[in-house]
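Below: the structure, in structure tokens.
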Number of protein chains: 2
Amino acid sequence: MRYELYYWPTIQGRGEYVRLALEDAGATYDDVARGSGGTGAMMQMMGQGPTPAFAPPFLKAGKLVIAQVANILLFLGSRHGLAPKTEAGKLWVHQLQLTITDLVAEIHDTHHPLGPSLYYEDQRAPAKKRSEEFWNERVPKYLGYFEGLLGANGGSYVTGRRITYVDLSLFQIVDGLCYAFPNRMKAFERKIPGLGALHDRIAARPRIKAYLDSDRRIAFNEDGIFRRYKALDE
Amino acid sequence: MRYELYYWPTIQGRGEYVRLALEDAGATYDDVARGSGGTGAMMQMMGQGPTPAFAPPFLKAGKLVIAQVANILLFLGSRHGLAPKTEAGKLWVHQLQLTITDLVAEIHDTHHPLGPSLYYEDQRAPAKKRSEEFWNERVPKYLGYFEGLLGANGGSYVTGRRITYVDLSLFQIVDGLCYAFPNRMKAFERKIPGLGALHDRIAARPRIKAYLDSDRRIAFNEDGIFRRYKALDE
């Protein structure tokens, strides 16, 4: 099946967790808004059909249109061997993805504590405070949790010997934090050797490596979730 | 099966979406931390087993321990007729629940824009600004989306003729916003007649009514997600 991914064409953003799963699975897909129809094609599709998305990303898979990153991964995971086959295993992996979803929202809030509708430039002072809180309290809690799981499972993948979509998403989290907060991450990374190794292991997977080297991978920039603002990285 | 729900014993919080589903299903469950073991019993359980939760709530169902509200509802929905039976239907309902999850996080951020680790009292000014943004931009977008779905489906339930866990969660959203922002909600509610009617229809369901009248329903208070702060409701 040829998938259609609908997401903003100039950022990694939340769409990137889906792109990584599609790429690792070797799935064929169109990144629709990056094609000739652009964002217009996406916006036109968004309110349509019996399951309209609240926001991008959404994935068209045959007749299905599925939104919400974790939900899309729940769907793709079953189809492409990126999740366990048992119900218990599926729920466990999904639970972890939803925890990553929460973390992504908190990462976004470091530069947008007053909400997504105002510019960063209008909320610099609260952003500085929130980033401080985030790195003091939340990063150790979240990354410590995943580091602990990796350790408990022997260190290959978060849920054991086999890769899941959660590992791909954790690659993106580590990659993004290194981009957005190079100084803070440099000081913190010795506390998460397992996640660091997982990041490198994922980056070296042939399909992921090919993806990261291609122009299908959009570069990090200051319109996405992970933004490099010097003032927040001191 | 007798379930065990683990959640903070003095707030509705995120646990309430699970409680409402359990109550509407007529399921038997222990709200563990509200029993004699208290919060200690919950904290002891939290890091245990092969699927440790990052945070409450989590549900013990036989050998399974499941965390993340939307994930718990995905599980309960299938077992108690609170979700469609088809894969497409399950994904659609789950997608809506994940959109509610995002909304709940934004509601929490109205009083905690600088992060969950600081007190409200330490972030009054940014909270005021974020609440303003929330009501100007986000509430119309989120509630308008669900109101539109209700209208498109004839108005009984969000996904059609049959109730799902999403309807129960939307009851809680409307109920909570009425509690936390009585003035703002009074001005806004004429724009969401469908959601208002849905709220009342859910509240009148015999099991939900019995629950709301019982002491199992914890009263809203200023430790939960929905907090009534006068300064944020002007």
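Naming: A, B, ... by sequence-line order, numbering from 1 per chain.
Residues B/Q68 and A/Q95 share a closest heavy-atom pair of CG-O, 3.6 Å. The two residues A/L98 and B/A70 make their nearest non-hydrogen contact at CD1-CB, 4.3 Å. Residues A/P113 and B/R130 approach most closely at O-NH1, 2.9 Å, considering heavy atoms. Residues B/L64 and A/A88 come closest through the heavy atom pair CD2-CB, 3.3 Å.
The distance from the NE2 atom of B/H94 to the NE2 atom of A/H94 is 2.5 Å, given to the nearest 0.5 Å. Once rounded to the nearest 0.5 Å, the distance linking CG of B/D102 with CG of A/D102 reads 9.0 Å.
For B/F58, no part lies under 4.5 angstrom from a heavy atom of chain A. Looking at A/I66, both its backbone and its side chain come within 4.5 Å of chain B, counting heavy atoms on both sides. Proximity to chain B involves both the backbone and the side chain of A/A67, based on heavy atoms less than 4.5 angstrom apart. Interface remark: B/L149 contributes side-chain atoms only to the contact with chain A (heavy atom separation under 4.5 Å). Of the atoms belonging to B/P50, it is backbone heavy atoms, and not side-chain ones, that fall under 4.5 Å from chain A. Only the backbone of A/V65 comes within less than 4.5 Å of a heavy atom of chain B; no side-chain atom from C-beta onward does. Neither the backbone nor the side chain of A/K63 has a heavy atom closer than 4.5 Å to any heavy atom of chain B. Only the side chain of A/E87 has a heavy atom closer than 4.5 Å to any heavy atom of chain B. Of the atoms belonging to A/F146, not a single heavy atom falls under 4.5 Å from chain B.
Heavy atoms from other residues, nucleotides or ligands lying under 6.0 Å from CZ of B/R79 number more than 12. Within a 6.0 Å sphere centred on CD of A/E234, other residues, nucleotides and ligands contribute more than 12 heavy atoms. Counting non-hydrogen atoms of other residues, nucleotides and ligands closer than 6.0 Å to CZ of B/R228 gives a total above 12. Around the CZ atom of A/R2, the shell of radius 6.0 Å holds more than 12 heavy atoms that belong to other residues, nucleotides or ligands. Within 6.0 Å of CD in A/E222 there are more than 12 heavy atoms belonging to other residues, nucleotides or ligands.
Annotation: cation-pi pair B/K141/A/F54 present, NZ/CZ under 6.0 Å from the ring centroid and within 45° of its normal.
The existence of a salt bridge linking A/D122 and B/K129 is excluded, since no basic side-chain nitrogen approaches an acidic carboxylate oxygen closer than 4.0 Å.
Between A/L91 and B/T51 the shortest side-chain heavy-atom distance does not fall below 4.5 Å. In this structure, the side chains of A/R138 and B/P116 come closer than 4.5 Å at one or more pairs of heavy atoms.
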Item to check | side chain to side chain contact (heavy atoms under 4.5 Å, CB included) between B/K90 and A/L74, intermediate numbers included | outcome: CA-CA 11 Å; B/K90 275 193 229 289; A/L74 182 68; over 6 Å; no
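The most heavy-atom pairs under 4.5 Å with chain B, out of A/A105, A/P52, A/A53, A/A55, come from A/P52.
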